[in-house]
Amino acid sequence: MQAVANLMTGGSSGPKYLTGDKSSIDGFIDKFDVFLFDCDGVLWSGDHLFERVPATIQMLRDKGKQLVFVTNNSTKSRADYKKKFDSMGISANEEEVFGSSYSAAVYIARILKLEPPKNKVYVLGESGVEQELQAENVPYCGGTDPLLRREMLPEDFRHVADGSLLDDDVAIVLTGLDYHPSYLKYALGMAYLRRGAKFLATNIDSTLPSAGSLFPGAGSTSAPLIKATGQEPLALGKPSQAMMDAIEGKFQFDRKKACMIGDRLNTDIQFGIEGGLGGTLCVLTGVSKKEEFLEKGAQVVPSAYVDELGDLLG
Ligand SMILES: O=C(O)[C@H](O)[C@H](O)COP(=O)(O)O
């Protein structure tokens, strides 16, 4: 069991607690050339920026480190995130952002490569997904369409059942965090899946950390369709290694010289460990608690951890 546990850990010994230990912090940072950052729960909680994050990012840039921001939050596109970074005073450019909406769009456009016109995507999610699909020239419907944000009428049942409310070019159902779910949107998604559409998800996180609390995550968007159809989506966000492969392909780095920094064990830390990165750092300002990886027999254990990202300033 220990051997298996070690497979999912950052190494053979337990995680190193770095907060307050300047020499260990410096030694940890010096081991890596690249830092992959989770966003929600590490840099901020909703619109609340965690203390010393901008200074920490700048310190790593001053040390010549390559930074990649890897978020499962599909509600925003890379351009939207650039605006958020700017508003938070965090030095970052659009090309350094790799979100699950971009990961899904690239997978659909460059891996699935379905033949037009039968390549349309029915989206259950926000504009971040739509923007990235558009950037990859992938046709889509649903998403933020205001006509779907209404109650299900008796004639809707008939028109979904007889197919007149469906788009015959839809070949994929893609779910992401959707702040505007409706029974009508789910009924359409189920109908497309029953017709044989592929079931994809930008991510299936159970919760969304925001305002210092937890809210329904992207997994709450795909859950009704999983329950109704018995099908499971292919998730293209963390911890999917399709996402890690795409990131390595785009940024060209040595995985052994890269560190994943995250707040959630079953996405961020698992993503880094399964990706064979040189190390993982868990930050305790988001979803996971240290007890989860310090307990005996813990399945996913980071290489090291800090109370908050700013502790890396020593
Ligand atoms: O439910 C979700 O989509 C996730 O909680 C959220 O978006 C995670 O974002 P990340 O921590 O990967 O930046």
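When reading the values below, keep in mind they use all heavy atoms of this one structure, side chains included, and skip hydrogens, waters and symmetry mates. First listed ligand is number 1; within each ligand, the first listed atom is number 1. No experiment lies behind these values; they were computed from the predicted model shown. Note that the numbering runs from 1 along the sequence shown for the chain.
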Colleague: For ligand 1, which atoms, with element, lie under 4.0 Å from some heavy atom of K238?
Modeller: 10 (P), 12 (O)

Colleague: With a sphere of 6.0 Å drawn around CD1 of I204, does it hold more than 12 non-hydrogen atoms of other residues, nucleotides or ligands?
Modeller: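 Count not over threshold, so no.
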
Colleague: Note the single closest protein heavy atom to atom 5 (O) of ligand 1, along with its residue, its atom name and the distance in Å.
Modeller: T207 O, 2.6 Å

Colleague: Going by the order shown, which atoms of ligand 1 are within less than 4.0 Å of some heavy atom of P209?
Modeller: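 It comes down to these atoms of ligand 1: 5 (O).
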
Colleague: Report yes if S74 has an N/O atom closer than 3.5 Å to an N/O atom of ligand 1; otherwise report no.
Modeller: no

Colleague: Quick one: which ligand 1 atoms are inside 4.0 Å of a heavy atom on C39?
Modeller: 13 (O)

Colleague: NZ of K238 to OG1 of T202: how many Å apart, nearest 0.5 Å?
Modeller: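 If I round to the nearest 0.5 Å, the distance is 11.0 Å.
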
Colleague: By number and element, which atoms of ligand 1 are closer than 4.0 Å to a non-hydrogen atom of R264?
Modeller: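 So the answer, numbered in order with elements, is 5 (O).
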
Colleague: Considering the heavy atoms of T71, write down every atom of ligand 1 situated less than 4.0 Å from one of them.
Modeller: 9 (O), 10 (P), 12 (O), 13 (O)

Colleague: If you have a sec, work out which protein heavy atom is nearest atom 1 (O) of ligand 1 and how many Å separate them, to one decimal?
Modeller: A218 N, 2.7 Å

Colleague: Who's the nearest protein heavy-atom neighbour of atom 11 (O) of ligand 1, and how far?
Modeller: D38 OD1, 2.5 Å

Colleague: For E132 and S101, which I'm curious about, is there any donor-acceptor pair between the side chains at under 3.5 Å?
Modeller: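 Short answer, no.
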
Colleague: Nearest protein heavy-atom contact for atom 6 (C) of ligand 1: which residue, which atom, what distance?
Modeller: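 Protein heavy atom at minimum distance: D40 OD2, 3.5 Å.
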
Colleague: Mind checking the OG-CG spacing from S24 to L18? Nearest 0.5 Å is all I need.
Modeller: 6.0 Å

Colleague: Taking the six-membered ring for Trp, is the centroid-to-centroid distance between Y17 and Y305 below 6.0 Å?
Modeller: yes

Colleague: Considering N72, L43, N73, N203, which one's heavy-atom position lies nearest to atom 2 (C) of ligand 1?
Modeller: N203

Colleague: Measure up the F50 and H48 rings against each other and bin them: parallel (under 30°), tilted (30 to 60°), perpendicular (over 60°).
Modeller: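 Correct class here is perpendicular.
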
Colleague: Could you tell me, atom by atom, which parts of ligand 1 come under 4.0 Å of a heavy atom of G217?
Modeller: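 Under 4.0 Å from G217, ligand 1 has these atoms: 1 (O).
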
Colleague: Could you list the donor-acceptor pairs under 3.5 angstrom formed between side-chain atoms of residues 186-195 and any protein atom two or more places apart in sequence or on another chain?
Modeller:
unit_1	atom_1	unit_2	atom_2	d
Y192	OH	D167	N	2.7
R195	NH1	D168	OD1	3.1

Colleague: Do R110 and E136 sit within salt-bridge range, that is, some charged N less than 4.0 Å from a carboxylate O?
Modeller: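 Result for this pair is yes, salt bridge flagged.
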
